[in-house]
Amino acid sequence: MFSALLRPKSAGDLARLGVLLALAALILFGALRYDNFISPFNILSCLRYNSMFALIALGMCFVIITGGIDLSVGGVAALASVVSAFASPYGWAAGMAAGMAAGLAFGLLNGFMITGMRIQPFIATLAAMLASYGLALLLADNQSVSVSYDTAFTMIGQEDLLGFPIPAWIALFAFVIGWVFLERLPAGRHVLAVGDGEATALLMGLKVRRIVFFVYAASGLLAGLAGTILAAQFGAGQPTEGVGWELFAIASVVVGGTLLTGGAGSVGATLAGVLLLGMVFNVLNFENGLGWISLSAYWQSVIRGLFLLVVVILQARISARSPREAS
Amino acid sequence: EVPALKQKQTYKVGFAQTESNNPWRIAQTDSMKAEAAKLGYQLVYTDAAGSAAKQVADVNSMIAQGVDVIFLAPREEKPLIPAVMAAKKAGIPVILLDRSVDPKLAKPGQDYLTFIGSDFVKEGQRMAEWLAKNANGKSKIIELEGTTGSSPANDRKKGFDEAIKAAGNFQIVASQSGDFARDKGRQVAEALLQAHPDADIIYAHNDEMAIGAISAIEAAGKVPGKDIMVLSIDGGKEAVGLVAEGKIAAVVECNPRFGPKAFETMARYAKGEKIEPWVINDDKFYDSTNAKAELPNAY
Amino acid sequence: MTITDTSSAAPTVRKLSSLQLASRYGTMLALLLLILFNLAMTPNFLSWQTVNVNLTQVAAIVIVATGMTLVIATGGIDLSVGSLMAISGAVAPMIFLDTLVPIADPVLAVALAFVLPILVTMAFGWFNGMLVTRYAIQPIVATLVLFIAGRGIAQVITNGNLQVFKNPGFQFIAMGQIAGIPAQVALMLVVAAAAFAVMRYTMFGRQVLAVGGNEKAARLAGIPVRRIKILVYVISGALAGLAGLVVVARNSASDANLVGLGMELDAIAAVAVGGSLLSGGRANIIGTLLGALVIQLVRYTLLANGVPDAAALVVKAGLIVLAVYVQQRADRS
Amino acid sequence: MLLSIQNLSKSFAGVAALRGASLEMADGEIMALVGQNGAGKSTLIKILTGAYRLDEGQISFAGRDVSFSSPAESQKAGIATIYQEINLAAQRSVAENIYLGREPRRFGFLDHRGMREGARQVLQDFKLDIDVTRPVAHFNAATRQMVAIARSVTQQAKLLIMDEPTSSLDEREVAVLFETIRTLKRSGVGVIFIGHRLDELYALCNRVTIMRDGQTVAVGAMGDMPKMELVRHMLGRELAAFEALGKSADQQAERPLRLELQGAGSGLRVRNVDLTVREGEISGLAGLLGSGRSETARIIFGMDRLERGTMRMSGAGRTYDEPAEAIADGIGLVSEDRKVDGIVPDMSIRENMTLALLPKLRRAGIVDRAREDEIVQRFIKALRIKCASADQPIKELSGGNQQKVLLARWLCTDPKVLIVDEPTRGIDIGAKSEILKLLRSLADEGLSVLMISSELEELLAAADRITVLSDGASVAVLPRQAMSEKALLAAMAHQVD
Ligand SMILES: Nc1ncnc2c1ncn2[C@@H]1O[C@H](COP(=O)(O)OP(=O)(O)OP(=O)(O)O)[C@@H](O)[C@H]1O
Ligand SMILES: Nc1ncnc2c1ncn2[C@@H]1O[C@H](COP(=O)(O)OP(=O)(O)OP(=O)(O)O)[C@@H](O)[C@H]1O
Ligand SMILES: [Mg+2]
Ligand SMILES: [Mg+2]
């Protein structure tokens with residue numbers, strides 16, 4: 001990734017450069033303007049919280065690279081948080097396995113609807129979103145489900161390891177695997193090629209269905225992992241959480257320079273995109289704390305929208321200036 | 001023990017609101033802001049947009065900013081525990097507003113200072129008890145629930161359903177979520193009235209859905225208050241006015257004006273007073289007997 | 001110029017029924033099955049009031065989904081419709097309640113309350129279109145901006161407060177009747193019929209499909225691609241604005257927080273269930289109408305049969321998948 | 001016997017594309033597969049390789065009965081294929097495309113370096129020296145075609161299938177390709193070669209299978225099959241001679257100028273082009289691949305901005321910002337890549353054909369269907385477009401028939417200037433002479449045609465005058481008297497050597 005950033009070759013490289021610059025600028029802005037902004041407490045709690053979104057965005061990144069979309073991640077995470085909360089009395093490993101299994105199950109379902117029944121990803125995963133929320137509410141009887149505090153389950157979300165939040169370690173680990181997969185394994189090339197055009201990939205002898213199936217399964221699994229962390233971090237399985245996570249993840253991926261049309265994308269820049277968007281919330285909270293202006297929640301959404309606008313327009317500008325592509 | 005609070009001229013206080021998508025929450029926020037402004041305190045206000053997880057992150061950012069006190073309107077009982085604990089660890093007293101946290105996991109006077117608010121279960125109960133006395137032979141109830149999974153919806157349903165069962169003679173023929181919203185409440189009521197033409201009571205978990213239900217009743221060619229009795233919770237001005245008009249039979253108030261009581265409690269604590277674990281908000285009850293007189297006082 | 005006929009063999013005749021018909025029947029089938037199910041299972045289903053309830057409730061979805069169909073036909077998508085509904089719903093009462101500027105003539109105020117909010121949402125639609133065309137931002141992301149900020153704008157201008165009103169003139173679009181048909185139903189039919197005619201008979205309709213089918217080829221054939229794209233977003237904005245007016249008029253109240261919430265998903269689902277490909281190049285307005293009816297009837301069925309909300313979500317998901325699947329099978333056969 | 005296909009049938013939505021076709025070949029044989037547009041050649045290939053499923057028939061390959069259910073399977077079994085529409089992953093690099101699906105690995109990880117080096121090596125064999133780490137989308141059609149060929153050749157297959165591989169190559173590249181194929185043949189690889197340029201087939205292939213209307217109508221050794229007989233089998237009738245095209249009357253120098261470029265330039269590819277097209281003539285534009293012919297057409301048509309120099313239409317200075325403006329001025333363009341910027345795949349033949357005509361077909365915004373149908377029927381007949389009905393989606397047509405629809409798209413607008421970029425690419429010999437004749441008759445009625453072509457024979461036969469481009473600049477104009485293959489080649493090679 002870094003060599004590409006130093007010597008940008010394509011529009012994507014430039015967009016990735018853009019997101020890193022924006023992230024650096026925002027952090028610098030916060031550090032100069034607010035006391036305690038770069039305090040370890042603030043940074044670590046930011047990382048702890050955003051690790052869930054990072055996991056979801058990683059799965060979304062793969063899905064979007066194939067030219068698809070996964071709207072179900074929020075619902076699946078909610079479901080997984082409930083399932084893992086139920087399993088938490090049997091230990092942290094059981095909780096984690098259960099949450100991830102629930103996520104994987106929905107990932108496989110998505111994969112089946114899209115490759116087997118040939119339903120468009122937008123609709124298939126929209127349905128999966130509804131169904132996963134429904135199941136989460138049914139299982140939890142419309143309430144949050146307390147996790148067990150007798151086992152080490154909450155450790156997954158609340159403890160630190162080497163001074164760094166465990167959820168952030170998990171997310172980091174997932175991103176390293178994701179990066180190796182996409183950049184260093186043949187299968188990663190195949191995912192990219194499928195996104196370039198399914199018909200073409202098929203004629204070139206790739207097992208397109210299997211690849212597409214795989215990315216939705218992976219996205220489900222990661223959403224399950226995020227849901228597990230949700231339960232562990234907040235001590236409860238929450239059937240109503242996760243609303244809008246899919247849009248956050250999509251926005252992070254796009255801000256990271258991955259095109260929704262598929263065929264190109266970067267794992268590292270997606271992480272930067274998550275941090276950038278997550279940081280915006282944090283900055284808004286600090287801005288409110290300054291007391292100059294007390295931004296209502298309404299202004300906050302206007303500002304978030306404007307911020308997204310500025311970032312994507314800048315990206316569009318940057319890519320427009322990159323070497324022209326012939327076709 | 002709950003962290004201590006020094007007596008100061010002015011404070012920097014945090015208020016972590018859960019959402020601002022309904023009139024009740026807006027009134028609550030306004031009341032908090034107005035009171036802080038009156039006292040000359042600096043208010044750090046956050047809005048979790050309906051996400052318990054974000055609310056925890058919001059509280060963490062308040063801790064990072066070093067506020068003196070945190071007012072927290074917890075979105076949910078359990079998931080906000082980590083926020084309460086983090087504040088305690090950082091030496092910041094927390095005062096809970098309008099909803100509490102799981103008593104098994106955090107205790108007033110120990111992990112947080114106190115809980116100010118009313119009891120959603122009790123609101124449902126009060127309504128059921130009133131109905132048992134004033135039903136006038138009506139008995140078939142349509143219940144319009146709040147947002148599925150939210151604690152006021154769960155509690156108002158629980159309190160009402162249990163009490164009405166105890167009262168006997170009543171039957172809940174349908175119970176569906178109207179999302180605390182007027183439009184959705186109306187649409188659900190339209191469908192349910194169509195499927196259950198014999199229903200003669202509608203119990204809505206908030207004013208908005210009750211008002212939606214009234215227009216559904218009228219659209220179905222029936223008369224609210226006569227053919228169908230409408231019951232609601234919240235007691236905003238519009239609803240109380242409708243009680244006065246006779247379209248709504250009764251409303252349990254759930255007052256959102258928390259500002260004065262919240263800041264007063266905080267001041268008492270700073271002075272060193274011992275604070276009771278539950279500062280109860282006394283809520284009114286409106287029906288045809290008092291609605292006209294109370295209308296000017298409704299929020 | 002003269003072109004001489006040099007053909008030797010007459011072209012073979014195709015005996016296949018048109019694809020569009022097949023896909024339309026798929027959705028129709030789903031609708032019929034639902035109706036049959038209801039006749040058997042739902043109490044008091046067979047009545048005019050049922051028809052009335054369902055048609056009035058589906059009106060807003062159909063109006064929005066019609067605009068969405070056009071946007072999707074160009075290969076785009078419009079996530080901002082729900083927020084735009086909130087904006088128009090917030091602006092309209094401000095006009096006739098004189099919160100903005102006092103308008104002396106009540107008739108004029110009502111007229112403006114119809115026109116101005118829609119102009120505002122059209123302007124936002126234009127903004128969406130500009131992002132998509134000028135800045136080449138992908139439609140999901142471009143309209144995500146207003147999805148997030150649009151509702152915020154509506155909340156900011158009303159300060160989040162509910163606006164309650166009673167204004168028979170304005171509320172005619174939701175409460176009135178035209179020849180015994182509820183006004184919003186009539187409005188829905190007019191919008192759908194107009195869109196159908198546009199897509200089928202006009203040059204604009206053809207150009208919309210060409211842009212969605214192959215944008216480069218469309219440009220090379222002299223089609224003003226940008227203008228067409230901007231126009232569909234403007235139309236989508238206008239229809240979302242109109243739907244917003246219907247909703248607030250029906251409720252005698254405008255709540256910027258809730259008007260149109262989640263509408264984008266309902267509208268997109270209606271389009272998909274109705275048989276238009278989300279990848280563009282196809283627009284099936286009748287399908288969209290039927291798709292919206294399917295979604296509405298599913299909702300009604302679940303409500304009337306007392307299915308709890310949580311279970312209803314699961315069932316609704318299953319039915320959407322089933323409907324799209326049936327429809328696509330029919331499409332491919 | 002390497003491959004034996006018997007009695008293959010296939011229909012699409014009730015229309016038969018193949019009706020009992022067969023093909024047999026042995027190891028080390030180069031089999032030409034020829035037939036008119038829509039004869040079923042590509043369909044046969046797609047069934048053989050598992051891209052389509054067959055309705056009826058038997059296929060045996062390398063001594064075993066097979067029925068591949070996906071291209072992946074046929075590749076594994078040893079069949080490498082280049083499909084008619086170049087199929088490469090556009091955003092992936094050249095190297096990745098060559099190795100996609102069988103990447104070199106080290107310890108299970110991708111061997112990026114090995115891939116780069118390998119790709120460079122392979123392409124060097126094809127005399128192509130390009131940056132293999134750039135996405136293929138950055139290269140022109142010819143380069144992409146060469147990459148696709150390199151990919152298939154390196155698969156070390158037993159059978160290599162090429163569906164019109166030379167349609168966008170120039171002669172040098174064709175020569176390189178043929179050399180490679182002959183080498184493969186010597187090592188026992190069987191090759192199926194589909195093409196419409198008969199000279200190439202005679203130069204390369206040793207046997208030929210001829211298809212017509214979904215059936216195999218003749219098989220034989222290439223040497224035993226005179227050209228005329230081959231064409232007769234293909235068409236089912238005799239072909240009027242190519243030379244019978246005729247040229248316009250000789251006083252063309254006095255005809256009024258229609259289109260004029262002077263010192264035109266845009267970007268780096270077009271540096272300095274002088275070009276004139278007169279009323280009623282066919283003006284040819286020749287040059288090597290990448291010499292900037294298509295880019296010149298893009299400028300005239302308003303797709304790229306004229307940054308330097310001047311352009312005149314009928315004497316008046318013009319610059320177009322959008323194709324729509326050029327079209328309004330009476331210019332039409334049949335582009336070279338019909339898949340990417342020609343057809344609208346899901347639309348019907350009718351809708352595709354009238355796309356540019358819509359503004360003239362409209363009354364108060366409404367499309368005049370009666371007139372539309374009349375026009376469409378006329379052109380379907382005149383150009384002999386093989387289709388089930390005008391309402392068939394264009395994507396179901398064979399490549400050549402799609403090309404005819406696109407030609408009709410412009411002819412029906414009755415343009416003043418028609419630019420045709422590789423107008424006969426992928427068009428069978430029967431249709432080709434028809435199209436050239438058609439262009440000629442249109443020119444005789446006053447149409448100005450600017451014809452870009454890589455086929456010298458065709459240019460020499462049809463053009464009244466040829467402008468030669470080299471490296472983005474016009475280097476020569478050959479009037480009719482000076483036209484010859486030799487002169488043309490000499491001019492094209494100008495500045496290159
Ligand atoms: N996917 C499809 N759907 C419907 N019809 C098709 C499809 N593919 C091919 N056809 C039809 O099958 C017939 C044979 O087409 P094919 O592409 O095999 O011809 P071809 O011999 O390769 O022609 P060309 O030389 O023009 O490439 C044509 O009539 C075409 O319209
Ligand atoms: N050496 C090269 N490296 C990369 N791209 C090239 C090279 N040469 C040409 N191209 C591509 O070719 C195009 C310019 O050639 P253009 O198509 O205008 O020439 P042409 O003579 O019309 O060739 P063709 O016969 O392919 O139409 C550009 O878009 C450019 O991307
Ligand atoms: Mg072919
Ligand atoms: Mg060219």
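Every chain is numbered from 1, with letters handed out A, B, ... down the list of sequences.
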C/L131 vs A/I313, side-chain contact (heavy atoms from CB on, under 4.5 Å): CA-CA, chis, key distance, verdict: CA-CA 8 Å; C/L131 288 186; A/I313 285 192; 4.0 Å; yes
Interatomic spacing from OH in C/Y325 to CZ in A/R118 - rounded to 0.5 Å: 10.0 Å
Value rounded to 0.5 Å, distance of NZ in C/K316 from CG in A/L126: 8.0 Å
Qualifying residue for side chain to side chain contact (heavy atoms under 4.5 Å, CB included) with C/I148, from A/L309, A/L308, A/V302: A/L308
Atom group of A/L138 that falls short of 4.5 Å from chain C, counting heavy atoms: both
Which atom pair, heavy atoms only, marks the closest approach of [X] to [Y]?
X: A/A127; Y: C/V321; value: CB-CG2, 3.4 Å
X: A/G305; Y: C/A149; value: CA-CB, 3.9 Å
X: C/G152; Y: A/S301; value: CA-OG, 3.6 Å

Of all pairs that satisfy ring pair (Phe, Tyr, Trp, His ring centres under 6.0 Å), the ones with a partner from residues 241-261 of chain A, not counting sequence neighbours: A/F53-A/W245, A/F53-A/F248
Chi angles and distances behind the side-chain contact (heavy atoms from CB on, under 4.5 Å) call for C/T158, A/Y298: CA-CA 10 Å; C/T158 58; A/Y298 313 138; over 6 Å; no
Min side-chain heavy-atom separation A/I123-C/I320 under 4.5 Å: yes
Under 4.5 Å from a heavy atom of chain A, the part of C/L265 involved: both
Residue among C/V141, C/I268, C/L278, C/I77 with most heavy-atom pairs under 4.5 Å to chain A: C/L278
Residue selection (most heavy-atom pairs with chain A, distance under 4.5 Å) from C/L146, C/L319, C/N257, C/L144: C/L144
Verdict with supporting geometry, C/I140 and A/F122, side-chain contact (heavy atoms from CB on, under 4.5 Å): CA-CA 11 Å; C/I140 285 199; A/F122 198 101; 4.3 Å; yes
Choice from A/L71, A/L130, A/L135 maximising heavy atom contacts with chain C below 4.5 Å: A/L130
From CA spacing to verdict: side-chain contact (heavy atoms from CB on, under 4.5 Å), A/N142, C/D309: CA-CA 10 Å; A/N142 293 349; C/D309 225 48; over 6 Å; no
